[in-house]
Amino acid sequence: MESLAVIENLVGFETVSRDSNLPLIDFVQNFLYDHGVDSRRVPSADGRKSNLIATVGPLEPGGIVLSGHTDVVPVDGQDWSRDPFAFHRRGERWYGRGSCDMKGFIGIALSLVPQMNRLRRPIHFALSYDEEVGCLGAPDMIEVIRQELPEPAGVIVGEPTSMAAVTAHKGIVGLRTTVRGYEAHSSQTHRGVSAVMTAARLVSHLEQVADQLSKETPSDNGFEPHATSVHVGVIHGGTALNIISGECQFTWDIRNIPDDDPQVLIDNFENFCRREVLPGMRARHQGCSIDTEVLARAPAFDDSNSSILGLVQSLSGRSETYKVAYGTEAGQYQGAGFPTVLCGPGSIDQAHQPDEYIEASEVEAGQRFLQALVNELSS
Ligand SMILES: [Zn+2]
């Protein structure tokens, strides 16, 4: 099957992270089976989603893992010109949710399976779920790869990099902080403890922390923005204008450069809450609390001396390397000991956007790159 047809099939499965990806996994398993390739699921605990591993070629060391996530971000509230899950062309662009991030890469790679019949070193497909909600799916699969597959030479994570080699990215920690105050009539501010106003103080503190990091971090480190960032994305609290709010919750993230340990920031924040904020709250009411939980954690990636970087550069014909701010599964692969490079078709600028698209020229560049990989591993 031609790569565009495979991508069209993949885009047609509505694999938003909150939903099951099993229909897509069924399709890929059948596709591989039809080409004589066995595959194996590594399912989520509740069985609603699954990773998929498949080896094409001989079961020997020295192969390359092609890593891609099957989930996509939601289209809710986005203004799409046409059905996001119907892959379609306008001019020189192919549109559809996931066309760029990252079903384009997966579709191109699958479409080359018929050309993989002379491989002397294997290509391993490693398709994950729940990447977009904190790289939750991949760790179990990476563990199976580490323990059960003949040791690969390295991992290419096909996130959209416009086919440039990316050798570092930031880490992510997603957190939720819950402030419990004490309700009272809003005219009696001396009797209540406002959870909303306490949360505002904490959010403002986090902004100061981020500003400080931005000042302290060398600005020429290759990242944009250069420093570890802290961002509050959602806040909910209170019930009425004239009630001092009893509860307020906010979710926030830390995106750390490889040199910064996010746990230090989390510990500092907890200390600030415990020492600077809670005593004043509890002096008014003993039941007040501030609790912070980690929702998701994906490590930073920094593999500028990766032993497969030269291979990726020669296949793509591009020698420059980049560092990026977004997170991927690359840090998890590197953490498991695999030499890793990020390189895939499409621009990250189009990822997650309404009317997400991949340039036809990027599809072609991805085809050339992966065909060159197949040739290399067949020689
Ligand atoms: Zn992605």
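Remember, it's 1-based here, ligands and their atoms both numbered in the order they're listed.
- The number of protein N, O or S atoms lying under 2.8 Å from the Zn ion (ligand 1) is 4.
- Residues passing the side-chain hydrogen bond (donor to acceptor under 3.5 Å, both in side chains) test with Asp71 are Ser17, His69, sequence neighbours excluded.
- Partners of Glu224 according to the side chain to side chain contact (heavy atoms under 4.5 Å, CB included) rule, which considers only residues two or more places apart in sequence or in another chain, do not exist here.
- With sequence neighbours excluded, the residues satisfying side chain to side chain contact (heavy atoms under 4.5 Å, CB included) with Gln29 are Ile25, Ser39, Arg41, Leu52.
- Under the 30°/60° scheme for interplanar angles, the aromatic rings of Phe338 and Tyr333 are found to be tilted.
- Between Phe87 and Tyr95, the gap from one ring centroid to the other reaches at least 6.0 Å.
- Side chains of Ser347 and Glu362 form no contact here, defined as non-hydrogen atoms less than 4.5 Å apart.
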